[in-house]
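Okay, so here's the structure we're looking at.
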Amino acid sequence: MFVFQLKCGNCGEVSEKWQYLRLMDSAPLKGGRGSATMVQKCKLCSRENSIDILSQTIKPYNAEDSEKFKTIVEFECRGLEPVDFQPQAGFAAEGAESGTPFNDINLLEKDWNDYDEKTKESVGIYEVTHKFVKC
């Protein structure tokens with residue numbers, strides 16, 4: 001699940017509420033032109049906009065990627081532009097040396113830590129940051 005604040009590309013209105021995008025969601029586009037993860041009408045200008053998660057672009061962020069920006073997912077944006085991202089629950093990690101699974105990680109506070117029993121070491125994700133890149 002991805003949680004965004006979105007901006008209308010037509011009038012520039014930024015949504016006050018956070019929008020939840022899930023890979024399994026699908027809504028029909030106007031005029032039978034297919035579907036997208038989210039289709040919504042702008043409250044200000046009434047334009048229908050959409051954003052679609054491109055599932056084939058989802059990639060893991062690994063230990064060797066630490067402290068670097070890496071593209072982990074791409075979206076097809078038609079009239080909507082993400083302006084802020086809020087990581088939440090649903091992330092997963094695996095111990096780099098032990099293979100220990102850590103499921104349902106919540107990154108809302110931008111930090112997470114736990115203890116890996118196999119390696120007898122503390123593990124964590126710290127100072128989560130993001131940026132959007134237009135293609």
Side-chain angles (χ1 to χ4, degrees):
M1 174 173 53
F2 300 95
V3 183
F4 294 114
Q5 275 194 302
L6 300 167
K7 177 172 85 171
C8 176
N10 186 52
C11 69
E13 176 74 8
V14 176
S15 62
E16 292 178 19
K17 296 182 181 179
W18 291 91
Q19 305 292 318
Y20 294 78
L21 294 146
R22 299 180 314 162
L23 190 58
M24 75 252 332
D25 290 344
S26 181
L29 293 168
K30 193 175 187 177
R33 300 172 300 154
S35 63
T37 306
M38 172 188 276
V39 178
Q40 74 176 28
K41 196 175 202 180
C42 178
K43 289 181 180 179
L44 190 62
C45 71
S46 298
R47 180 176 171 178
E48 183 179 274
N49 300 311
S50 66
I51 186 168
D52 199 26
I53 301 170
L54 302 177
S55 61
Q56 69 277 13
T57 68
I58 297 174
K59 299 195 176 31
Y61 189 88
N62 300 312
E64 59 267 13
D65 302 319
S66 184
E67 298 186 26
K68 294 184 274 185
F69 282 106
K70 176 183 178 181
T71 300
I72 59 168
V73 65
E74 294 178 18
F75 302 90
E76 183 175 337
C77 303
R78 294 183 183 231
L80 285 176
E81 178 182 336
V83 292
D84 201 2
F85 168 66
Q86 185 179 72
Q88 293 194 355
F91 288 89
E94 182 178 288
E97 296 170 15
S98 67
T100 301
F102 298 94
N103 298 309
D104 202 27
I105 295 172
N106 189 333
L107 294 173
L108 186 58
E109 299 297 322
K110 311 270 194 266
D111 291 323
W112 164 84
N113 57 47
D114 206 328
Y115 189 76
D116 190 333
E117 293 289 339
K118 289 181 183 175
T119 61
K120 306 282 190 243
E121 293 181 333
S122 177
V123 295
I125 299 170
Y126 306 101
E127 299 178 25
V128 174
T129 58
H130 70 277
K131 70 178 178 178
F132 299 110
V133 178
K134 290 184 182 181
C135 299

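In what follows, residues are counted from 1 in the order of the sequence shown. Because the structure is predicted, anything quoted here is derived from the model rather than measured.
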Close side-chain approach of Asp25 and Met38, heavy atoms under 4.5 Å: no
Let me check something: do Trp18 and Phe85 share a hydrophobic cluster, defined by ILVMFWY side-chain heavy atoms less than 4.5 Å apart, either directly or through other members? no
When rounded to the nearest 0.5 angstrom, what is the spacing between CG in Asp84 and NE2 in His130? 4.5 Å
Less than 4.5 Å apart, any side-chain heavy atom of Lys120 and any of Tyr115? yes
How far apart are the closest heavy atoms of Leu6 and Pro82, and which atoms are they? CD2-CA, 3.6 Å
Show every donor-acceptor pair shorter than 3.5 Å between a side-chain atom in residues 86-97 and any protein atom, with sequence neighbours excluded, or say none if there are none.
unit_1, atom_1, unit_2, atom_2, d
Gln86, OE1, Gln88, NE2, 2.6

Could you tell me the separation between the CZ atom of Arg47 and the NZ atom of Lys30, rounded to the nearest 0.5 Å? 11.0 Å
Give every residue pair that meets the ring pair (Phe, Tyr, Trp, His ring centres under 6.0 Å) criterion with at least one member in residues 49-80, sequence neighbours excluded. Phe2-Phe75, Phe4-Phe75
For residues Ser35 and Asp52, report the shortest heavy-atom separation together with the two atoms involved. O-OD2, 4.3 Å
Check whether any side-chain heavy atom of Ser50 lies under 4.5 Å from a side-chain heavy atom of Leu29, and answer yes or no. yes
Considering non-hydrogen atoms only, spot the tightest contact between Gln5 and Glu16 and give its length. NE2-O, 3.5 Å
Distance in Å, Asn49 CG paired with Lys41 NZ, rounded so as to fall on 0.5 Å steps: 11.0 Å
Looking at Glu64, is its backbone amide N or carbonyl O close enough to the side chain of Asn62 to form a donor-acceptor pair, meaning the two atoms are under 3.5 Å apart? no
How close do Asp111 and Glu127 get, heavy atom to heavy atom, and via which atoms? OD1-N, 2.6 Å
Could you measure the distance from the CD atom of Glu48 to the CG atom of Leu80? Nearest 0.5 Å is fine. 10.0 Å
Might you point out which heavy atoms bring Lys118 and Ser98 nearest each other, and give the distance in Å? CB-CB, 3.8 Å
Would you find more than 12 non-hydrogen atoms of other residues, nucleotides or ligands less than 6.0 Å from Gln56 atom CD? yes
Is there a side-chain contact between Val83 and Phe132, using heavy atoms and a 4.5 Å cut-off? no
Look at the side-chain heavy atoms of Ile, Leu, Val, Met, Phe, Trp and Tyr, link any pair under 4.5 Å apart, and say whether Ile72 and Leu21 land in one connected group. yes
With side chains defined as the heavy atoms from C-beta onward, is the minimum distance between Val73 and Ile53 less than 4.5 Å? yes
Taking C-beta and beyond as the side chain, do Val123 and Thr100 meet within less than 4.5 Å on heavy atoms? no
Pairwise distance CD1(Ile105) to CD1(Ile125) - rounded to 0.5 angstrom: 4.5 Å
Could you tell me whether the side chain of Thr71 reaches within less than 4.5 Å of the side chain of Val133, counting heavy atoms only? no
State plainly whether one hydrophobic cluster holds both Val128 and Ile58, where clusters connect Ile, Leu, Val, Met, Phe, Trp and Tyr through side-chain heavy atoms under 4.5 angstrom apart. yes
Take a 6.0 Å sphere around NZ of Lys70 and say whether it holds more than 12 heavy atoms from other residues, nucleotides or ligands. yes
